[in-house]
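Shown next, in structure tokens, is the structure this report addresses.
Numbers here are sequence positions counted from 1. Values below: every heavy atom of this structure, side chains too, minus hydrogens, waters and symmetry copies.
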Amino acid sequence: MEQSGTSTRLQAAVQDLASGVVSALRGGDRVRAVLPAGADGEAGDLALAAVRVLGADAMLPGLLLATPPDPAEVAVFRKAVEAYPPRADAAPTVRWSHWGMARALRRIDPSSSGPPDEPGTGWLDGAGWQTLTHQLAVLAPLALPGEDCAVRRAAARRPVDVARGFVRAVRRRDWRQAAGAGRWLTLLPGVPDTLGLASGLDFVELMGGQDPQVALHVQAARLARAGARG
């Protein structure tokens, strides 16, 4: 029961953090979504865990909009990056998420050390299109305009497969996966025009936008598309 309660509180903390990011991306007033550095006890641990779940997207307003981040939030983000490096046997998505967080920290605070060497992408290169789309959706925080990495290059080699995965996610009503895949598709060359990505993202937001993480990916995709057109 205690473990279930902790999981529920973590989910709520992640949703609150994502909601704050969405508000900032839409130009609204940002609600304090993480705790000041130095907070201790369960609340502090919960905030750090929520940042780890959201990954680099916790700092997305500063990355996409060049909005100066709150120093207290940067301190919490830095602690989440530095205090919890992935284990040697961690899954590839965990290692890549940590790499993306370290890259984001360096961008918002140039005095920080750079990210570690990129993990490999062999598990993506041989993946079927369904698995590829699922894994890319998990790593959607890496989908940033103007930022290159091996995951992005792997996705760029298979835009049609990612588009198929986007359609499948929509049909399965997996709005979070659809939003993450759509975010990648905004950055990839060779996406079929027949996909109707802009309309598809509108539909995903309509159907799943009550989930702040869906709204976050859709808004990030729109900002990336607007930047590309600008």
Non-hydrogen atoms of Gly128 and Arg158 that approach each other most closely: C-NH2, 3.7 Å
Shortest non-hydrogen contact from Thr121 toward Ala150: CG2-CB, 3.6 Å
From Arg152, Arg107, Arg153, residue fulfilling salt bridge (charged side-chain N to carboxylate O under 4.0 Å, His left out) relative to Glu147: Arg107
Leu63 with Trp184, same ILVMFWY side-chain cluster at under 4.5 Å: no
Spacing of CG belonging to Leu201 relative to CG belonging to Leu206, to within rounding of 0.5 Å: 12.5 Å
Check: Leu139 and Trp99 side chains under 4.5 Å, non-hydrogen atoms: no
Neighbour count >12 (heavy atoms, 6.0 Å) for atom CG, Asp89: yes
Where Ala140 and Gly180 come nearest, the two heavy atoms and their spacing: CB-CA, 3.9 Å
Validation row: Leu144, Leu60 side chains within 4.5 angstrom (heavy atoms): yes
Closest contact, heavy atoms only, Asp125 versus Ala154: OD1-CB, 4.0 Å
Side chain to side chain, His217 and Val204, heavy atoms closer than 4.5 Å: no
Side chain to side chain contact (heavy atoms under 4.5 Å, CB included) assessment of Val14 paired with Gln213: CA-CA 9 Å; Val14 172; Gln213 289 178 267; 3.8 Å; yes
Closest contact, heavy atoms only, Ala215 versus Arg26: CB-NH2, 3.9 Å
Glu82, Arg78, Arg103 screened by side-chain hydrogen bond (donor to acceptor under 3.5 Å, both in side chains) with Ser112, the one that passes: Arg78
Cluster overlap Leu142 with Val21, hydrophobic side-chain contacts below 4.5 Å: no
Any side-chain heavy-atom pair of Met101 and Val51 under 4.5 Å: yes
Shared hydrophobic cluster, Val218 / Leu187 (ILVMFWY, side-chain heavy atoms < 4.5 Å): no
Point-to-point distance, once rounded to the nearest 0.5 Å, from OG1 of Thr93 to CG of Leu124: 9.5 Å
Exercise: identify the closest heavy-atom pair between Pro141 and Asp57: CG-OD2, 3.4 Å
Cluster check Val22, Val214: I/L/V/M/F/W/Y, side chain < 4.5 angstrom: no
Polar contact flag, side-chain donor to acceptor under 3.5 angstrom, Thr133-Arg168: no
Path from Leu54 to Tyr84 over hydrophobic side-chain contacts below 4.5 Å: yes
OG-CG distance between Ser23 and Leu216, expressed to the nearest 0.5 angstrom: 11.5 Å
Asp202 vs Arg222 side-chain heavy atoms within contact, under 4.5 Å: yes
Whether over 12 other heavy atoms sit under 6.0 Å from Asp148 CG: yes
Distance, nearest 0.5 Å, that separates CG of Leu197 from CG of Leu188: 9.5 Å
Residue pair Val160 / Pro192, side-chain heavy-atom distance below 4.5 Å: yes
Approximate separation, where rounding is to 0.5 Å, of Arg183 CZ and Leu223 CG: 10.0 Å
Residue pair Gln130 / Arg164, side-chain heavy-atom distance below 4.5 Å: no
Short side-chain to backbone donor-acceptor contact, Trp175 and Ala169, under 3.5 Å: no
Side chain proximity check, Asp109 to Phe77, heavy atoms < 4.5 angstrom: no
Between CG on residue Leu105 and OG on residue Ser111, distance to nearest 0.5 Å: 8.0 Å
Pair Trp129-Phe166, ring-ring contact (aromatic ring centres under 6.0 Å, His included): steps then yes or no: CA-CA 10 Å; Trp129 61 270; Phe166 173 79; over 10 Å; no
